[in-house]
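A, B, ... follow the sequence lines: proteins, then strands. Residue 1 opens every chain.
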Amino acid sequence: MPHHDPYRPPAKKFKPGSAFFHHKPAMLLPKKGNNPPPTPMEVQRKRLPIYQAKHQLLTQLRQLPCETGSGKTTQIPQYLYEAGIGRQGVIAITQPRRVAAISLAGRVAEEKRTPLGKLVGYTVRFEDVTSSETKLKFMTDGMLLREAIGDPLMLRYTVVVLDEAHERTMHTDVLFGVVKTAQRRRRELSKVPLKVIVMSATMDVDLFSEYFNKSPVLYLEGRQHPIQIYYTKQPQSDYLQAALITIFQIHQEAPASHDILVFMTGQEEIEALARTCRDISKHLPDSCGPMLVIALYASLPPAQQLRVFQPAPKGCRKVILSTNIAETSVTISGIKYVLDTGMVKSKRFNPESGLEILAVQRVSKAQAWQRAGRAGREDSGLCYRLYTEAEFDKLIPMTVPEIQRCNLASVILHLMALGIPDVMHFDFMSKPLPEAIHSAVVQLELLGALEKKEQQVTLTALGKKMASFPLEPRYAKTILLSPGFSCSEEVLSIVSLLSVDTVLYNPPARRDEVLAARRKFISSEGDHITLLNIYRAFKKVSGNKEWCRENFVNSRNMGLVKAVQAQLRDICLKLNMKLESCGSDTASVRRCLAHGMFVNAAELRPDGSYVTLDSQQSVAIHPSSVLFQGKPACVVFNELVHTSRCYMRDLCLVDAEWLADAAPDYFSRKMRHAKS
DNA sequence: GAGCACTGC
């Protein structure tokens, strides 16, 4: 099948006189950059490109059982509603991100002139702004997936609109299969039909159409402005050096109001390049004008992230050095130039070792086009690719979908809970490796969530309970075991602490202060108990902000921990679990962790190194662990990270006997393996 | 003796 690039630009032209780059003309449909004068809402809605397609869209929607489309997220749901389609139920519109779901709902409610939560509402984790009147419901795709556990046929919905499908998040990919199954089952059971609309920003829709039984495709013209694409003439051995040269080349030539956005791979190189740029810009001739260099990545405190939206002072150029957060999650106006290093840091998964590796790799063509597109949002723009056109041609066309790059344990558990009979052959749009599915099934069997009966894999009662938690299966299992050790309160806290990014704030410049402040919480029992100590202290001062600052605790994430814990506690109560505290008896907590996480265990070898009991992988204690200085004989850990070495992160000291108690069969098998 | 892209339930 011939493959076409999303947004394939026309043929190239050589620009003489540029030492570094050659260029290709505009990649997208030229449009006038003038903003229309303010008009009433109705007129504005009619001006949107999708309005032209309204009639055709509605005709097709009426005739067909299943649809594929592409277009404007705020309008299609309104068209459907106004045309009376799906009025018997609710129209769901899914988004990969919370902020998008919330802000889109706000905009549509405004257009419909109704208060949010009435006709138009949204549902995201920790927040449900809907009512019995809600007909247009914006939600995260993860939320719809979770709802489906209680309602696999999705009977409360008549239409599901899956937006931003091109991003291929794990949740959207699972949803594809779930809505397709629901659609078929409803037809078989003669229920109200479920209509599905897939919206994608790329033109690579063949896959979607094919998957949904060759559904019709509707193309919509975007509102992108033309963007000039430049490539380097020679391959660059050092993309950071190339970025630096290009930034200052542009800075010398372009008007100061033209901002630059540079796509890079991570915090460290961004901070380093930011320092270099600031240094150099101080020593430039006056004719150049000042430069404001701003770093942008997800782990920056929110206040610092907001700086990218502030316009630079007049006569000063804004240069933003960003990770791929600026590809989709953060949209910055006023960008005239995009510099694309062609590299990205992303996760890869090895199903054999079960290890996830975070590595710098080349972007896909689709990603390169996405980056370029960030330059043409208000007006025409320019994109400098810091690699040659030949190198571009060798990039893979699309980013590998997340579902093919991660551990599938929770996905498989979720599908089983939805009543999918044959998970090994589930109709994924892009099939994960069979080894990855198999290794997930094995992991879930070990946890007691699945069992094999006459070649059939079935969900156990324990597995069903595990699936009701929005957690990694091993965390859910640990919670479910906790009443047996009378330490549910502690385990709920620990699991909640582990579910957020990090509650610890570690500014490198204040390292000694951080260590001093943290010393009073450190437990020789490991990182879990240390975190628990911090959380208990936090609760004792009722989350006092000043206390958080003094103790280098991230108060925003701590707030999130509280919300997660409340949610988990609710689920426990619904399962009739007895929630007790073990007080100071933290050994009970460790015993419980050993029983829940025995697959992630490691022991000390005579030579002072560590080896995992599961796959005999050689590992080391991560230097961030409180056990780093010690030599515990036996530990369980939360995860392995493969960077310069293979490190265990978040360790808990356990007794070897506890592990043997937790899974006698498993460990006797492991012993045999070790001997042979 | 390290250093971690980005989402989400």
Side-chain angles (χ1 to χ4, degrees), chain A residues 94-101 123-128 139-150 164 167-175 263-272 296-300 305 322-330 341 343-348 356-361 363 367 370-371 399 401-403 405-406 410-411 413-414 417 466-473 475-476 495-496 499-502 504 506-508 511 515 560 563-564 567-568 570-571 620-625 627-630 639-650:
Chain A
T94 70
Q95 294 293 320
R97 283 171 289 281
R98 293 166 54 96
V99 273
T123 306
V124 297
R125 191 182 189 185
F126 308 131
E127 226 184 323
D128 180 13
M139 58 206 302
T140 45
D141 42 20
M143 201 68 218
L144 182 57
L145 213 46
R146 190 130 288 276
E147 274 189 7
I149 290 185
E164 309 284 5
E167 288 190 26
R168 304 298 305 276
T169 67
M170 198 168 72
H171 286 155
T172 352
D173 267 31
V174 178
L175 262 182
F263 282 103
M264 303 176 54
T265 70
Q267 172 175 349
E268 210 176 88
E269 70 178 26
I270 286 174
E271 292 294 357
L296 177 64
Y297 43 87
S299 60
L300 275 179
Q305 281 192 19
S322 172
T323 60
N324 40 348
I325 191 171
E327 269 173 31
T328 51
S329 305
V330 176
T341 58
M343 306 303 278
V344 66
K345 198 178 283 182
S346 67
K347 203 181 260 180
R348 276 191 269 184
E356 290 178 331
I357 297 175
L358 200 62
V360 172
Q361 45 205 314
V363 297
Q367 213 170 354
Q370 173 73 24
R371 288 179 170 189
T399 309
E402 197 184 1
I403 196 119
R405 293 188 281 126
C406 61
S410 44
V411 169
L413 181 63
H414 207 121
M466 282 166 64
S468 57
F469 290 93
L471 292 171
E472 284 289 307
Y475 293 153
V495 167
S496 308
S499 331
V500 307
D501 230 12
T502 174
L504 308 178
N506 295 315
R511 200 165 158 271
L515 288 175
L560 211 54
V564 174
Q567 187 186 30
L568 299 180
D570 269 359
I571 297 168
I621 299 179
H622 196 278
S624 67
S625 171
L627 295 180
F628 179 69
Q629 308 281 5
E639 58 175 357
L640 290 178
V641 285
H642 193 116
T643 48
S644 56
R645 296 175 69 183
C646 195
Y647 287 108
M648 302 179 278
R649 267 220 306 235
D650 296 316

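- Applying the ring pair (Phe, Tyr, Trp, His ring centres under 6.0 Å) rule to A:Phe469 yields no partners; only residues at least two apart in sequence or on another chain are considered.
- Taking the side-chain contact (heavy atoms from CB on, under 4.5 Å) definition, one finds that A:Ser410 meets it with A:Glu472, A:Pro473, sequence neighbours left out.
- By the ring pair (Phe, Tyr, Trp, His ring centres under 6.0 Å) test, A:His171 pairs with no residue at all, sequence neighbours left out.
- Taking A:Glu147 as the reference, A:Lys137, A:Arg156 meet the salt bridge (charged side-chain N to carboxylate O under 4.0 Å, His left out) condition, with sequence neighbours excluded.
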Scan nucleotides 2-9 of chain B nucleotide by nucleotide, 5' to 3', and note B when protein non-hydrogen atoms come under 4.0 Å of the base, S if they reach only the sugar-phosphate, - if neither. BSBBSSSB

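- Take A:Ser468 and apply the side chain to side chain donor-acceptor pair (under 3.5 Å) test, not counting sequence neighbours, and it matches no residue.
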